[in-house]
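Each residue takes its place number in the sequence, starting with 1. Below, each value reflects all heavy atoms present in this structure, side chains not excepted, and no hydrogens, waters or symmetry copies. This structure is a prediction, so every number in the text was calculated from the model and none was measured.
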Amino acid sequence: MKKIFALALIASVGATLTGCDDFLDDNRNPETSIINTPEYWSNPSNCQLQVDRYMTNSSTYLFPGYGTGNSYGWFFFKTLSDDQVGSNFADWAYPTETATVGEWDYSVVRGANYIISGVRQSTLSQAEHKNYEGIAKLIRAYKYYQLVRMFGDVVWQSEVVDPADEEILYGPRTNRDIVMDSVLQDLNYAIAAISTESNKLGWSQDLARAVKSEVCLYEGTFCRYRTQAENGIAPNEERAKKYLQECATVSKALLDKYGFCDDYHSLYNSTWDGDNTAGVTALSSNPEVIFGRKYDPTYGMHSTISYTASSTQTSGMSLDAFNAFLFLDGKPYATTSKDKTYVGTPDGTEALPGYSIANLLAVRDARLSVITDDHVYYTGMTWDRAGCTSMASSSGFGVAKFDNVNLPVKDRTNSAQNYTSCPIYWTSYIALNYAEAKAELGQFTDGDFAISLKKLYERAQLPINGVADLNAINDPDNNMGVSSLLWEIRRCRRCELMFDNWIRYWDLVRWHQLDLLDSTKHPNVLLGAYVGNAPVAINNVNGFVRPYNNERKFDKKYYLYPIPTGELDLNPNLGKNFGW
């Protein structure tokens, strides 16, 4: 058994470094005959080739964005949240233990460690050595962050593992807190060592800073809100404050350098270079973009628009998400003086009925009318957006924010032919990290509001002008056990980043609120638009679209993915995750 495991490790290391035509087809046996030599690593072009595999290769790309072709990314397609009612019923990622779990994959870690080992034996200049080691440590840190938030304790590898090292191969996992401390060390090294300060499409110090902002907010809040009963590990206030302060400091450094744009929609529906004659702006010149992904026929195209603007049923917005948006008087559903009806206006024909909700959107946060359509549509009562094939949404609420109606219809509706470009880290996201970290530290002031959330509320046309306004909202529906200030910062985050980059799911995990996905306790997560007595047959509950009879029930074990049983067979010392 040990021999099989070791051979599998060797094979995966070889695949990590040679699986994508990075090297000549000849002289690959053994793979290390080319790679593991000072001569190879002393060539900066070879080093750049290796780090860029995690930036440009679709099979190893660390930041999937909208995906490539029909390889789906982390925008829109991650439907296990309270924001979307998936086109198919979205249950827990792993409701039961399985022999394999695709996310339990250390190939990126091994690849990063090979780069670190290689440049250390090279004759590169000191600056070149530090640059490539810094990039490799950024790669390793980001991958370990993903592994930890999924699996908790993981197998820590700080260097290339010798297949004969049974202590590592068959040893226990490392405590997740220790691993995250190492992740922070790697990120700090990367920020100091990477030679390029900013690069919207490549490795840079600012990319490392943005990753650190995300990682430290996650770790700080997770350590504050976790519980022994449901996470298997008690809160740690000292640790929480340390990471929250790290988040606030690095986020402020980015906010001092990057601006905000006036047009919320332009973050999601722009091409990289733009086309002013066609009304398509350039994401590359958007002042918010810290790091993004370029799509075009050369760099690769995606399918995100086609899945929200074609006959393929859209995974629509949930009623729970719709209700999250404040009204234009700055108040929530429970206390607003605005018209809070759910009833739209029939505007179609008997043969092709239509249902406008323009009146619902007109009184709410302006972001909502960018994110969803001004019509309800579902199976049997379809609608088209600017020349697209008649569409249907699982919930009745569509998803409009990724579409650009100025692009040719064929480039919007054909799969793997969409070329709007994707923000991966941008100012609004960092501003929300900053605001939350400062509020969690009890330090959020009007000055902090001015440099972080002010522009977001202005774009949303909401009369929120400072900390007092956020405290005064005092929403009766606050069900997270936090202050009005934190509740409203979390609300703003949800609305601003809706359907973005798998953010909402991991927010619920780090806030210890994953039970909000339980539809038996929170039915609005699987309800959609109000259709009343629909002109066509559709499953509904009290007039609201309810596409599934299934229920999603929470169990504490879902805070972590299960360790693959196949790996446990090879190494019982890995141990099962809490609750499994």
Side-chain angles (χ1 to χ4, degrees), residues 72 75-96 307-308 312-325 332-334 340 342-344 355 357 360 364 368 371-373 375-382 391-401 477-480 490-491 494-495 497-500 502-509 511 513-534 536-559:
Y72 306 133
F75 286 74
F76 170 72
F77 291 106
K78 294 292 189 179
T79 58
L80 179 58
S81 79
D82 50 0
D83 286 346
Q84 281 176 276
V85 183
S87 55
N88 292 303
F89 178 72
D91 202 356
W92 304 100
Y94 292 96
T96 60
Y307 273 82
T308 63
T312 300
Q313 188 185 71
T314 296
S315 296
M317 177 187 287
S318 69
L319 178 62
D320 193 84
F322 190 91
N323 285 343
F325 289 83
Y333 185 88
K340 55 186 182 182
Y342 287 114
V343 180
Y355 198 64
I357 57 168
L360 280 65
R364 300 230 186 189
L368 183 56
I371 293 167
T372 193
D373 293 287
H375 273 69
V376 165
Y377 48 91
Y378 48 86
T379 302
M381 193 173 86
T382 59
M391 303 182 297
S393 165
S394 58
S395 69
F397 293 125
V399 175
K401 72 183 289 185
D477 291 331
N478 179 350
N479 61 356
M480 288 191 178
R490 290 180 181 186
R491 182 205 302 275
R494 182 184 190 182
C495 296
L497 304 177
M498 192 158 288
F499 312 142
D500 290 357
W502 208 6
I503 290 170
R504 179 63 178 176
Y505 177 84
W506 295 110
D507 283 349
L508 296 178
V509 169
W511 294 331
Q513 298 289 336
L514 198 57
D515 60 323
L516 292 180
L517 300 188
D518 188 324
S519 62
T520 66
K521 298 177 181 177
H522 307 281
N524 284 1
V525 301
L526 289 184
L527 293 181
Y530 183 81
V531 293
N533 297 317
V536 294
I538 187 170
N539 188 31
N540 70 73
V541 174
N542 298 323
F544 293 93
V545 175
R546 175 62 152 90
Y548 310 112
N549 292 320
N550 313 55
E551 297 286 2
R552 185 196 298 130
K553 296 182 180 181
F554 170 76
D555 188 295
K556 64 183 181 182
K557 69 181 182 182
Y558 296 135
Y559 274 109

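- Residues passing the side chain to side chain contact (heavy atoms under 4.5 Å, CB included) test with A334 are D475, P476, D477, sequence neighbours excluded.
- Using a 4.5 Å cut-off on side-chain heavy atoms (C-beta onward), N549 and N539 make contact.
- Considering every non-hydrogen atom in both V343 and L360, the closest pair reads O-CD1, 3.3 Å.
- Shown here for F554 and W92, the closest heavy-atom pair between the two residues is CA-CZ2, 3.7 Å.
- A heavy-atom distance below 4.5 Å is not found between the side chains of T79 and F499.
- For S394, the side chain to side chain contact (heavy atoms under 4.5 Å, CB included) partners two or more places apart in sequence, or in a different chain, are V85, Q313, Y548.
- With a 6.0 Å radius and a threshold of 12 heavy atoms from other residues, nucleotides or ligands, K340 has its NZ atom above the threshold.
- The line from OG1 of T520 to NZ of K553 is 6.0 Å long, rounded to the nearest 0.5 Å.
- Ring orientation note: the planes of F397 and F322 are close to parallel, at an angle under 30° on the 30°/60° scale.
- Of all heavy-atom pairs spanning T308 and M391, the tightest one is O-SD, 3.5 Å.
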Between L80 and L517, does a side-chain contact (heavy atoms from CB on, under 4.5 Å) hold up when you go through it step by step? CA-CA 8 Å; L80 179 58; L517 300 188; 4.2 Å; yes

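- Contact of the R504 side chain with the D82 side chain is registered, since non-hydrogen atoms from C-beta on lie closer than 4.5 Å.
- R552 places none of its side-chain heavy atoms less than 4.5 Å from the side chain of Y558.
- N323 pairs by the side chain to side chain contact (heavy atoms under 4.5 Å, CB included) definition with L319, Y342, R364, N524, not counting sequence neighbours.
- Remark: D320 engages R494 in a salt bridge, criterion side-chain N to carboxylate O under 4.0 Å.
- A 4.5 Å side-chain heavy-atom check between L368 and M498 finds every atom pair outside the cut-off.
- Minimum heavy-atom separation, P547 to L526: CD-O, 3.6 Å.
- In this structure W506 satisfies the ring pair (Phe, Tyr, Trp, His ring centres under 6.0 Å) test together with W502, sequence neighbours excluded.
- Side-chain contact between L527 and N542 is absent, with no heavy atoms from C-beta onward closer than 4.5 Å.
- Contact record, G316 with V399: CA-CG2, 4.4 Å, taken as the closest heavy-atom pair.
- H375 contributes atom NE2, which lies 14.0 Å from atom OG of S393 (distance to the nearest 0.5 angstrom).
- K401 has a carboxylate O that lies under 4.0 Å from a charged side-chain N of D500, or vice versa, which qualifies the two as a salt bridge.
- Side-chain contact between V531 and I538 is present, with at least one heavy-atom pair separated by less than 4.5 Å.
- Atoms CG and OG, from D83 and S395 in turn, are 11.0 Å apart once rounded to the nearest 0.5 Å.
- For residues 513-523, the set of pairs meeting the salt bridge (charged side-chain N to carboxylate O under 4.0 Å, His left out) definition, not counting sequence neighbours, is empty.
- Closest heavy-atom contact between G398 and D373: CA-OD2, 3.7 Å.
- For Y307, the ring pair (Phe, Tyr, Trp, His ring centres under 6.0 Å) criterion is met by Y72, F77, not counting sequence neighbours.
- Side-chain contact between W511 and R490 is present, with at least one heavy-atom pair separated by less than 4.5 Å.
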